[in-house]
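Below is one structure, written out as structure tokens; the observations come after it.
As the structure is a prediction and not an experimental result, all values here were calculated from the model.
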Amino acid sequence: MGSRDEVVEIDSLEKGLLSDNGIEREDDDDVLYTASFQEKEDNFVQYQTAQWVLYSLLLILAWGIGLFMVLYLPVRRYILRKDIRSRKLFLTPNAIVYKVTRPVPFPCFGVLKKEKHVLLPSVQDIVIEQGYLQSLFGVYSLRIESVGVRRPPSDDVQIQGVASPSDFRKAVLTRLSNMRNEVFSREASAIEDVQNPKRSLSSITSMSPSKPSRHDLSHSGDQVVLQKLEEVGSSVKRVQALIEEQCGQTSDSLVEETR
């Protein structure tokens with residue numbers, strides 16, 4: 001009974017120390033979905049504590065260093081609560097944002113801040129994992145797989161303690177599907193815009209009156225030249241006839257004078 005009361009008292013002290021440092025809600029209009037960690041806070045701390053105790057026992061049997069790990073356990077639990085309460089995971093129209101502020105191994109020396117942005121076009125899938133020890137405490141792990149060259153899972157972004165990992169995965173995949181549809185619609189509209197000017201140009205050319213061909217122009221030119229030559233020939237013949245008439249009249253007058 002005494003040990004149980006001590007554990008309950010430690011939990012109450014930890015919550016009292018951290019009551020003024022709750023998670024601030026992200027006030028951003030572009031946030032599409034915000035994941036929660038509060039519901040799994042106790043489960044996460046218990047899981048990490050059990051894992052720490054197991055490692056401590058193994059090290060006690062091996063070299064005896066695990067004794068210091070057992071003595072460090074209250075500080076470890078305090079750091080875990082600070083860690084889980086500072087976590088923020090939300091989805092924006094273009095990226096997945098993860099922020100966390102955790103104390104250093106000795107909290108009196110300050111904190112470590114981490115902020116990770118994963119662009120949605122580089123996301124291939126959201127993997128939900130749960131090991132044997134995690135299943136005992138109801139804790140899940142999220143792993144964000146990236147597009148491109150396959151890397152080991154340890155290089156992917158991994159987040160533990162998300163309350164509803166399936167809902168977050170659904171939100172991310174839905175946003176990715178919407179982005180692909182938007183890109184497809186833009187490409188389709190661009191192709192239609194390129195094709196429409198060609199169609200309008202072809203319709204304009206079909207509606208415009210047909211121009212005479214080069215052969216027709218040459219043929220009509222030849223006809224005009226022939227008409228001109230005929231007119232010149234007829235005028236020359238008339239001139240010749242007038243000259244002949246004049247010559248005939250002068251010859252007749254000369255004959256009469258000689259008589």
Side-chain angles (χ1 to χ4, degrees), residues 22-26 28-55 58 76-77 79-105 111-187:
I23 297 177
E24 297 178 359
R25 193 174 185 83
E26 187 71 22
D28 192 353
D29 296 335
D30 295 335
V31 174
L32 302 178
Y33 183 86
T34 303
S36 177
F37 295 88
Q38 295 179 354
E39 292 83 353
K40 294 294 182 178
E41 177 183 343
D42 293 335
N43 301 69
F44 175 76
V45 173
Q46 292 173 5
Y47 161 70
Q48 292 289 341
T49 301
Q51 194 176 31
W52 186 268
V53 170
L54 290 176
Y55 290 155
L58 291 175
R76 174 68 177 171
R77 289 172 61 89
I79 293 174
L80 290 173
R81 288 197 182 273
K82 286 279 289 185
D83 183 0
I84 191 69
R85 292 188 179 187
S86 67
R87 292 185 180 184
K88 298 177 183 179
L89 177 64
F90 50 88
L91 173 67
T92 65
N94 298 316
I96 299 173
V97 183
Y98 175 60
K99 298 180 181 180
V100 62
T101 303
R102 63 167 62 93
V104 296
V111 296
L112 295 174
K113 294 183 179 181
K114 179 180 179 182
E115 184 172 343
K116 181 72 174 179
H117 293 254
V118 182
L119 296 178
L120 286 178
S122 65
V123 175
Q124 181 177 2
D125 194 9
I126 304 295
V127 181
I128 301 175
E129 299 176 333
Q130 188 181 45
Y132 174 74
L133 189 60
Q134 290 178 334
S135 63
L136 297 178
F137 296 94
V139 177
Y140 293 90
S141 296
L142 279 180
R143 182 163 55 85
I144 302 175
E145 288 187 350
S146 300
V147 178
V149 180
R150 184 64 261 164
R151 299 177 300 177
S154 58
D155 293 342
D156 296 332
V157 179
Q158 298 185 5
I159 305 167
Q160 293 183 350
V162 181
S164 300
S166 57
D167 294 340
F168 181 76
R169 181 177 185 272
K170 182 179 179 181
V172 173
L173 296 182
T174 302
R175 177 55 187 165
L176 285 174
S177 177
N178 294 335
M179 290 179 66
R180 293 190 182 99
N181 293 334
E182 291 174 1
V183 172
F184 179 77
S185 62
R186 284 198 298 267
E187 291 178 352

Practice problem: Would you check if the side chain of Lys40 reaches a backbone N or O of Gly138 as a donor-acceptor pair within less than 3.5 Å? | Solution: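 Flag set: sc Lys40 to bb Gly138 pair under 3.5 Å.
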Distance-only, no hydrogens or angles: does the Asp156 side chain make a donor-acceptor pair with backbone N or O of Glu145 under 3.5 Å?
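Side chain of Asp156 to backbone of Glu145: no pair is present.
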Starting at [atom1] of [X], measure out to [atom2] of [Y] and round the result to the nearest 0.5 Å.
| X | Y | atom1 | atom2 | value |
| --- | --- | --- | --- | --- |
| Glu129 | Gln160 | CD | CD | 9.5 Å |
| Leu119 | Thr92 | CG | OG1 | 8.5 Å |
| Lys99 | Lys113 | NZ | NZ | 10.5 Å |
| Arg87 | Arg102 | CZ | CZ | 6.5 Å |
| Thr101 | Lys114 | OG1 | NZ | 11.5 Å |
| Arg143 | Gln158 | CZ | CD | 6.5 Å |

Exercise. Report yes if the side chains of Leu54 and Leu58 come closer than 4.5 Å at any heavy-atom pair, otherwise no.
Key: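 Not in contact.
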Residue pair Leu120 / Leu91, side-chain heavy-atom distance below 4.5 Å: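 With C-beta onward as the side chain, the pair touches.
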Taking all non-hydrogen atoms of both residues, which atom of [X] and which atom of [Y] are closest, and how far apart?
| X | Y | value |
| --- | --- | --- |
| Ile84 | Glu41 | CG2-CG, 3.6 Å |
| Met179 | Pro93 | SD-O, 3.8 Å |
| Ile79 | Pro105 | CD1-O, 3.6 Å |
| Gln134 | Ser141 | NE2-OG, 2.9 Å |
| Gln124 | Ser146 | OE1-O, 3.3 Å |
| Ile128 | Tyr140 | CG2-CD2, 3.9 Å |

**Study point:** Qualifying residue for side-chain contact (heavy atoms from CB on, under 4.5 Å) with Phe37, from Asp83, Leu89, Val100
**Key:**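 Exactly one pass, corresponding to Leu89.
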*May I have the step-by-step check of side-chain contact (heavy atoms from CB on, under 4.5 Å) for Arg76 and Thr49, ending in yes or no?*
CA-CA 8 Å; Arg76 174 68 177 171; Thr49 301; over 6 Å; no
I'd like to know whether OH of Tyr47 has more than 12 heavy-atom contacts from other residues, nucleotides or ligands below 6.0 angstrom.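 Counting other residues, nucleotides and ligands, OH of Tyr47 exceeds 12 neighbours.
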In a table with atom names and distances, give each donor-acceptor pair under 3.5 Å that connects a side chain of residues 165-173 to protein atoms at least two apart or in another chain.
residue: Arg169; atom: NE; partner: Ile126; partner atom: O; Å: 2.6
residue: Arg169; atom: NH2; partner: Asp125; partner atom: OD1; Å: 3.2

